[in-house]
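Residue numbering restarts at 1 for every chain, and letters A, B, ... go by the order of the sequence lines.
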2 protein chains.
Amino acid sequence: MFDLKYIPTSMYCMYSPTPVKDSTRDQLLEAAKSLLWEVGYESMSPRKILERSGAGHGSLYHHFSGKADLAGTALLEIEVELTESLDRALLADVSPIERIRRFLNKKRQGNKGCRLGRLTQEASIASPTLRDPIARYFSHAEKQLTQTLQEAITSGELQPDINPRDLACGLLSIIQGGYVLSRANGNGKYATISARGALALLDSATLK
Amino acid sequence: MFDLKYIPTSMYCMYSPTPVKDSTRDQLLEAAKSLLWEVGYESMSPRKILERSGAGHGSLYHHFSGKADLAGTALLEIEVELTESLDRALLADVSPIERIRRFLNKKRQGNKGCRLGRLTQEASIASPTLRDPIARYFSHAEKQLTQTLQEAITSGELQPDINPRDLACGLLSIIQGGYVLSRANGNGKYATISARGALALLDSATLK
DNA sequence: GTCTATAGCGTGATAGAC
DNA sequence: GTCTATCACGCTATAGAC
């Protein structure tokens, strides 16, 4: 049996023409998703979730087994959203290198951090409920970028002596590290500056 | 008057032939430094600090005004240590590009994260006590890397159309992002893989 | 300089009425 | 499905004896 309750909110549209986004459960999820981005998992107290969602104490523990369960469900939705966004950037409607550029040029909120990457430092991600969505997203991103870079080599756009997987990880890291620099310097622009550095390097490895 | 109490432990050797590293205050600092690396600031409770250091409750609040003060002092020491390590890698005893390679090739503990970068996601770094040492380190690193890359361009090692500051931020980001990937994947090797990607890109931007 | 006792507060969850 | 009351616990800090 396929329990509709466990389908991420962002996927409802695939199954229902009128997605119910204003149920108490959904409001709890939206509150959790925004708090995970703003303050992370450990600092996201039930109190804050209830304040932001407008839900009552009873509702949280009725719809979810607890904080970890709510966060895990929220992370599943975030995973879907980020994965869709990544796949859109890498859509094969332009040349492989052009897709990579589109990915690097994405708008990013440096001062807030990556919605998944920022949770990576917390001790609590040792728990599979929290770790799995994060690990799956990065694993998918690595795979898709590697494949796109491999295509770029095959098509003669990129120097053939470059290891596509190493470069894929390097590019993913630049994005994640750009967030770190942004927060360290208290200046969201560092995410953009770092991406620009990556674009320049990529350019010099590109065969004209 | 220059208060010796505020000289980072790692600098004692410069002033005294027999550095006192076993005082209760120093034990508290060492415990805080290791905990900041392992669990971060917010999860570093006074209880854990006292357990690890062997000090008693009274000592903590005698030597420091509280948790924030202790952490701030510990961060000052970490800042000095990381800065020294960076400067050693960039020592001008080899060619500029070779110095950059030495920096990228440093041994790193991917599964633990950067001792300063990992604190970047916590809400508490809004406080200057915690933010300043982190911001100073990254600012210094950006400056030193930029200068080294500029030298590489001047000496004809690096393509002149590359913006040294953008690239400096890109390289710093790759290191920081490598830590993020390592923790996301639960595999410390990603820090090395990302650095390898950076080295390859740098190679292709280097004039042979 | 270190000890013990204690305090106020927030967290994360449970119980049971409605 | 939501409400209020309540709980045990850990956090961070203070007080005052020694």
Participant: Could I get the full list of side chain to side chain contact (heavy atoms under 4.5 Å, CB included) partners for B/Lys143, not counting sequence neighbours?
Facilitator: none
Participant: Identify all side-chain donor-acceptor contacts of residues 49-59 of chain B below 3.5 Å with residues at least two apart in sequence or on another chain.
Facilitator:
residue, atom, partner, partner atom, Å
B/Arg52, NH1, B/Ser34, OG, 2.9
B/Arg52, NH1, B/Glu38, OE1, 3.4
B/Arg52, NH1, B/Glu38, OE2, 2.9
B/Arg52, NH2, B/Glu38, OE1, 3.1
B/Ser53, OG, B/Ile49, O, 2.9
B/Ser53, OG, B/Leu50, O, 3.4
B/Ser53, OG, B/Ala55, N, 3.1

Participant: Heavy atoms under 4.0 Å is the rule here; annotate nucleotides 13-18 of chain D 5' to 3' with B where the base is hit, S where only the sugar-phosphate is, and - elsewhere.
Facilitator: BB----
Participant: Inspect the contact between B/Lys33 and B/Asp26 and indicate whether a charged nitrogen and a carboxylate oxygen are less than 4.0 angstrom apart.
Facilitator: no
Participant: Just how far, in rounded Å, is C1' of C/dT11 from CG of A/Leu70?
Facilitator: 15 Å
Participant: Sort and list the pairs that fulfil salt bridge (charged side-chain N to carboxylate O under 4.0 Å, His left out) and have at least one residue in residues 111-128 of chain B, not counting sequence neighbours.
Facilitator: B/Glu81-B/Arg115
Participant: Is the distance from OP1 or OP2 of D/dG1 to the nearest side-chain N or O of A/His62 less than 4.0 Å?
Facilitator: yes
Participant: Identify whether NZ of Lys or CZ of Arg in B/Arg196 sits under 6.0 Å from the centre of the six-membered ring of B/Tyr190 and within 45° of that ring's axis.
Facilitator: no
Participant: Check the distance between C/dT14's C1' and A/Phe64's CZ and give it to me in whole angstrom.
Facilitator: 18 Å
Participant: Grab the CG-C1' distance between B/Asp26 and C/dG1 for me, whole Å please.
Facilitator: 15 Å
Participant: For residues 171-181 of chain B, which residue pairs pass the salt bridge (charged side-chain N to carboxylate O under 4.0 Å, His left out) check, not counting sequence neighbours?
Facilitator: none
Participant: To the nearest angstrom, how far is B/Arg47 atom CZ from C/dA5 atom P?
Facilitator: 16 Å
Participant: Looking at residues at least two apart in the chain, or sitting in another chain, which of them share a side chain to side chain donor-acceptor pair (under 3.5 Å) with A/Gln144?
Facilitator: none
Participant: How long is the line joining CD of A/Glu42 and P of D/dG10, in whole Å?
Facilitator: 16 Å
Participant: If the cut-off is 4.0 Å, is A/Ser45 near the phosphate of C/dG10, judged by side-chain N/O to OP1 or OP2?
Facilitator: no
Participant: So, does B/Thr24 get its side chain near the phosphate of C/dT2, meaning an N or O under 4.0 Å from OP1 or OP2?
Facilitator: yes
Participant: Between C/dG10 atom P and A/Glu51 atom CD, what is the distance in whole Å?
Facilitator: 11 Å
Participant: NZ of B/Lys48 versus C1' of D/dT12: gap in Å, rounded?
Facilitator: 14 Å
Participant: Do the side-chain N or O atoms of A/Ser59 get closer than 4.0 angstrom to the phosphate oxygens (OP1, OP2) of D/dT2?
Facilitator: yes
Participant: Please give, in whole Å, the distance from D/dA5 P to A/Leu50 CG?
Facilitator: 16 Å
